[in-house]
Amino acid sequence: MGHVFTIAWKDLRSELRTKESINAAAAFSMVILVLFSFVLDISGDARDFGGGLLWLVFAFAGALVLNRSFAREQSNDCLDALVASPLPGWALFLGKAIANFALLGIVELVALPVFGILFNANWLRFPAWTLLTCALATWGMTVIGTMFSALTVNLRLRELMLPVLVYPMLIPVLMAAMQLTTALLVGEGITAEDWIWVKLLIGFDIIFTSLSLALIDFILVS
Amino acid sequence: MGHVFTIAWKDLRSELRTKESINAAAAFSMVILVLFSFVLDISGDARDFGGGLLWLVFAFAGALVLNRSFAREQSNDCLDALVASPLPGWALFLGKAIANFALLGIVELVALPVFGILFNANWLRFPAWTLLTCALATWGMTVIGTMFSALTVNLRLRELMLPVLVYPMLIPVLMAAMQLTTALLVGEGITAEDWIWVKLLIGFDIIFTSLSLALIDFILVS
Amino acid sequence: MKNKILMAVALASGLYLVRNLYVILLQLPDEAAQGAIYRIMYFHVPGWITSFSAYFLAGLASVWYLIKRDPRADEYAVALTEVGTIFTMLGLATGMVWARIIWGVWWVWDPRLTWAFICFLIYAGYLMLRKTIDEPGQRGRIAAVVSIFAFVSVIITYKSIDWWRTQHPGAVLSFRAGEQRMDPAMEGMLFHNWFALTAFAGVIMMLRLGQERMQRELDALRRYTHSL
Amino acid sequence: MSEAALDVRAVWKYFGDFPALRAVNLNVARGECLAMLGRNGAGKTTLLKILAGLSDISQGTVSVFGSQGNTTDARRKTGVLGHGIGIYDELTARENLELFGKIYQLDRPAHAAMAWLERVDLKHVADARAREFSRGMRQRLAVARAFIHEPLLLLLDEPFTALDDRSIALLQRLLAERLAAGATVVMSTHQLREAMELATHWALLVRGKLVHKGERSPEIISDPTWVYRNYGEDS
Amino acid sequence: MSEAALDVRAVWKYFGDFPALRAVNLNVARGECLAMLGRNGAGKTTLLKILAGLSDISQGTVSVFGSQGNTTDARRKTGVLGHGIGIYDELTARENLELFGKIYQLDRPAHAAMAWLERVDLKHVADARAREFSRGMRQRLAVARAFIHEPLLLLLDEPFTALDDRSIALLQRLLAERLAAGATVVMSTHQLREAMELATHWALLVRGKLVHKGERSPEIISDPTWVYRNYGEDS
Ligand code: HEM
Ligand SMILES: Nc1ncnc2c1ncn2[C@@H]1O[C@H](COP(=O)(O)OP(=O)(O)OP(=O)(O)O)[C@@H](O)[C@H]1O
Ligand SMILES: Nc1ncnc2c1ncn2[C@@H]1O[C@H](COP(=O)(O)OP(=O)(O)OP(=O)(O)O)[C@@H](O)[C@H]1O
Ligand SMILES: [Mg+2]
Ligand SMILES: [Mg+2]
């Protein structure tokens, strides 16, 4: 486990020192928010879209953070240095995923209040559930994002392939998160009907985390 | 003008040979379509948003094509070879813009019918106007996209900066295009009230094309 | 020899399909609620099942490739995925025609339909990814991992009618529903056509496999002449 | 004396506040082959980029063949080979050369392309995409790309780096030919031996200052540290 | 004789159907310094990557210090310096070294980091970010990174490329020191002269085949084409 924290700490430190991708992600999320509000013509009852919109914004803005994760290793062939070291592949993956989770969490923490103000949304109606939903969905995004970032890091057409592969895989998480968030924002909280989405999120997180940990070693060695 | 076509032809040829970014953009536009429709569907009646949605999709998917445009020059320092040659900067820009315009046009041609089917939209109500709107808006997107792609091509954080810069600049074009498309899809076509949007598009295109042609030389030399 | 067997299977599955068509169109009665159009079911349902089976086998081939690094496993994975995608398109097309007639629209954003579309997009992404990687070893490895991830979407699509209330009909096949919900003659016919379509899919897959193998040898030859 | 091929006068280049070039004066006569030496970070690449018109000057003047600044005419006469090879991977070898033939407005780009493919021994793969080429083949194609318009001024940044003996010999042969045709060559390098087979002159940059320019001398080849001991910071 | 440092047996490496390495057999004894020669595309980088565990073998076996395959233990004893420097630009020099110290599970990573910064003459910029370093400084930091765990096996891919005399001298000094401590070195290179100052043996790859391995001989230094004329395709 020491290795995992070494890697997570390294990533967090390099990112927090410059805050480049966090800032970009925060800025980008505002931009998308503005774009979407034009489309939806916020005047009317846009509140119903709240949950959906929020997670779209997170997905697009979060991609900026997740892409940087392995791109950072690429610039000086750092990934080779790590792979040649005694660091196990799963520790590398887990460390990066934890760092990304924390960074996405920060972006969300910035975006949520803004979002709340713009859309008159009250996040504190069901605080525990809201936190749980965010945590589960963000971890799902992180795992898929980190894994595909690793998959595509050495590809010539990385910039093209990443969105084409990542977003469809993310759709289950995003849909569940959207549904739950909307229920938490404007509905009566998590009802029996929404349970399927909670289960979907949990199942998704477990399945993809284990798949990633099992498969990462095949990706890193060329 | 010979130079312009040499460059446009080179770009078109390299892209059409592999169709990499066209395919990726087409696939990505489908993915976003699914995501958006889910967001909107949470509260039904998505048809009114047709126009808005369409241009959001084009903006996000088009970015993939536009990014590749200068990224293609970057991999082997080809841009340096071109800048050191007697090719004038404006010819390089115009050639690339024309190629991008054609490629975006192809992506739109693929996406429109799919969009029509999935959202029950009829594009042929006002064919001439639809074509004009698409052409004007696409040229606006192309010019801004190509210019900012050139601006950021040598930046370390290109992937981060590009979306943060480009989308805000694009908001006027996108708004105009959204408004017009919605009018053409569900309204009575272009009415007197919509003229302002047509003018906006034309003005935008003229201003940014001339600005880009005038300023490109300052960007290419470091 | 191999080619002859392939030809024979192709011919047999073709004849089988013709025979099935004859039964479907001329012998079976119209369905009570839907009328004549219900017959599209005989292609819609087996089409999807064939497609999903192909994806499943492709997933297995991918796992095999990761374990053994056997290039043939990779060839099977592509060929199977391509066949699966073709049948996904068939399923989408028949479903849409059916929807147009029964529901009056080509498409609704119902969970089953949406997941089926996502499934299609994911496997299209897989095929696209393969085209962008030049080095076969790297291509095989990355594609195999993506294929394993992608299969999750197939499971969700398959189970979506059980998990959500959908506009799309729920389970009707007896092995899924656990009871007989369809006229046995009709269900029997479904299995007949499933069998024919699967044989047909097998033939296409073998053809693609041959092509893929040829392509690989060609690439190698070209590489070799370059290095001279 | 006929007018100089290159005339660099009091050129400064700042990256932010850091002066990468400090008051560089350099005069290169026509037909000269100049090897530009200097430690890592001395400013060799920076100077070559300025000469190629890829980078702006902060202060001073540069004239190429008598015409000041960065004219189209000067660019037409210049061939540049930097670290990147400047080849499009998606195009075939022939298409690459034709493209640059057209950009340099040659009379018969297709003809020139085939002739150069022949010279760099790539004719048999003329219609294969550059992506499929090995490193050596790519480098040869890049050389053909830079030479196709028969430039009168050649700017090369570490041209011998990571090349094998055969590619080095090819490049040296082509350079010798251009020199014989009256062209001027400026190249930066750390590999003194290979460079000195052709160079008629050498210049030394130390931390952005041009501290010496002179004709080639035998000591330089036999002992790689000689330059620095006699002219550099260590002296 | 004690067991070999490296034992490569009948190794094939395919990229698709293209054999980049063909039945390579190579035995490197402990304490040997092997210079791997070969033309562009001969397979030097491929072989080094396999030895470093960065790339899979298609057929054959590799054992490092007697243990087969790519064990954690072997990785811990190996230091790798490839084309990329493997340094994080956002971290300071000290943080970079500490990071790798921790990954290699040194007892006192902070202490080792400072000691190595001293040795590569970067102590005065220990807390500056690597981004701000010049090329030479970055290269020195990379060397410290690869040496920090005092590896018993060093794998270097073209270590002298594009370096100036001073950096080359530093690297040679550190390598000599490691060799004196009993470590084994394998390096690929096109710069025979720099490599041969240290190398005790050399090997030649021709199109993926290892055609010769022998002790160093004087001819090799004086004439760069000698190797190919006598052992390569030209012979
Ligand atoms: C574009 C529209 C459609 C799509 C994408 C679609 C998709 C699918 C999929 C993925 C299956 C899975 C096969 C399986 O469960 O084994 C399926 C099965 C089925 N579909 Fe559709 N479908 C569409 C339209 C329709 C329509 C309009 C009907 C009839 C009203 C229909 C009736 C059925 C039936 C009865 C099954 C078999 C269910 C079972 O027992 O497994 N489908 N469809
Ligand atoms: N784009 C840039 N931004 C900031 N500083 C730069 C930039 N390019 C170069 N420098 C700095 O300018 C100085 C000269 O760099 P240059 O690349 O010209 O050196 P060089 O002589 O080519 O070295 P080498 O032998 O390592 O190639 C260096 O200190 C370098 O850090
Ligand atoms: N990822 C790859 N995919 C396909 N072919 C490759 C790959 N890497 C290397 N090759 C091929 O394998 C052969 C050996 O390459 P390698 O990089 O090992 O050569 P090298 O001896 O290091 O050459 P150089 O002196 O130019 O560095 C070359 O023909 C190269 O084209
Ligand atoms: Mg340089
Ligand atoms: Mg190499």
Side-chain angles (χ1 to χ4, degrees), chain A residues 18 20-32 34-41 44-57 59-61 63-65 67-68 71 75 156-171 174-175 178-179 181-183 186, chain B residues 18 20-32 34-44 46 48-57 59-61 63-65 67-68 71-72 75 156-172 174-176 178-179 182:
Chain A
T18 55
E20 281 158 349
S21 60
I22 292 193
N23 285 343
F28 192 42
S29 60
M30 299 302 140
V31 173
I32 314 179
V34 174
L35 273 178
F36 286 165
S37 10
F38 280 123
V39 177
L40 301 178
D41 213 1
D45 199 17
R47 200 120 68 85
D48 291 358
F49 304 124
L53 213 61
L54 183 76
W55 286 97
L56 267 190
V57 169
F60 282 108
L64 294 187
V65 174
N67 285 356
R68 280 289 297 157
S75 54
R156 188 163 51 83
L157 295 173
R158 187 165 154 272
E159 295 167 349
L160 287 187
M161 290 320 295
L162 204 55
V164 173
L165 294 173
V166 167
Y167 288 107
M169 295 297 299
L170 277 185
I171 288 178
L174 292 179
M175 283 191 171
M178 287 169 179
Q179 198 75 41
T181 311
T182 306
V186 295
Chain B
T18 55
E20 281 155 350
S21 58
I22 292 192
N23 282 340
F28 191 44
S29 62
M30 303 294 140
V31 174
I32 315 177
V34 175
L35 273 178
F36 286 169
S37 54
F38 187 78
V39 175
L40 299 179
D41 207 49
I42 294 179
S43 73
D48 292 356
F49 304 119
L53 213 61
L54 185 75
W55 285 99
L56 269 189
V57 169
F60 281 107
L64 294 187
V65 173
N67 284 357
R68 277 292 294 158
R72 180 175 294 131
S75 55
R156 190 164 51 84
L157 296 173
R158 188 165 154 273
E159 297 166 345
L160 291 185
M161 290 319 294
L162 202 55
V164 176
L165 293 174
V166 168
Y167 290 110
M169 293 298 296
L170 279 184
I171 287 180
L174 291 179
M175 266 174 64
M178 287 169 180
Q179 205 75 36
T182 305

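Numbered from 1 within each chain, the chains take letters A, B, ... in sequence-line order. Small disclaimer: the values here were computed from a predicted structure and weren't measured.
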>> If we ignore hydrogens and angles and just use 3.5 Å, is the side chain of R158(A) paired with the main-chain N or O of N67(A) as donor and acceptor?
In response: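 Yes, R158(A) side chain to N67(A) backbone: donor-acceptor pair under 3.5 Å.
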
Measure distances from [X] to the heavy atoms of chain B and classify the residue's part below 4.5 Å as side chain, backbone, both or neither.
X	result
L64(A)	both
I32(A)	side chain
A25(A)	neither
V65(A)	neither

Region of [X] in contact with chain A, defined by heavy-atom distances below 4.5 Å:
X	result
L160(B)	both
L174(B)	side chain
A71(B)	side chain

> Looking at residues at least two apart in the chain, or sitting in another chain, which of them share a side-chain contact (heavy atoms from CB on, under 4.5 Å) with A176(B)?
Replying inline: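 Applying side-chain contact (heavy atoms from CB on, under 4.5 Å) to A176(B) gives W197(B), L200(B), L201(B).
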
>> Let's test your reading of the structure: which of S75(B), P163(B), P168(B) forms the most heavy-atom pairs below 4.5 Å with chain A?
In response: P163(B)

> How long is the gap from CZ on R68(B) to CD1 on I22(B), to the nearest 0.5 Å?
Replying inline: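 Reported to 0.5 Å precision, the distance equals 12.0 Å.
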
> When rounded to the nearest 0.5 angstrom, what is the spacing between CG in L54(A) and OG1 in T182(A)?
Replying inline: 9.0 Å

> Which residue out of E159(A), M30(A), M175(A) racks up the most heavy-atom pairs below 4.5 Å with chain B?
Replying inline: M175(A)

> So which of L56(A), V31(A), V34(A) has the biggest tally of heavy-atom pairs under 4.5 Å with chain B?
Replying inline: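 Of L56(A), V31(A), V34(A), L56(A) has the most heavy-atom pairs under 4.5 Å with chain B.
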
> Residues two or more places apart in sequence or in another chain: which of them pass ring-ring contact (aromatic ring centres under 6.0 Å, His included) with F28(B)?
Replying inline: Y167(A)

>> For S29(B) versus A61(B), what's the shortest heavy-atom pair and its separation?
In response: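 Closest heavy-atom pair between S29(B) and A61(B): CB-CB, 3.8 Å.
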
>> One thing to verify: whether R156(A) and E20(B) come together as a salt bridge, which I'm taking to mean a side-chain N less than 4.0 angstrom from a carboxylate O.
In response: yes

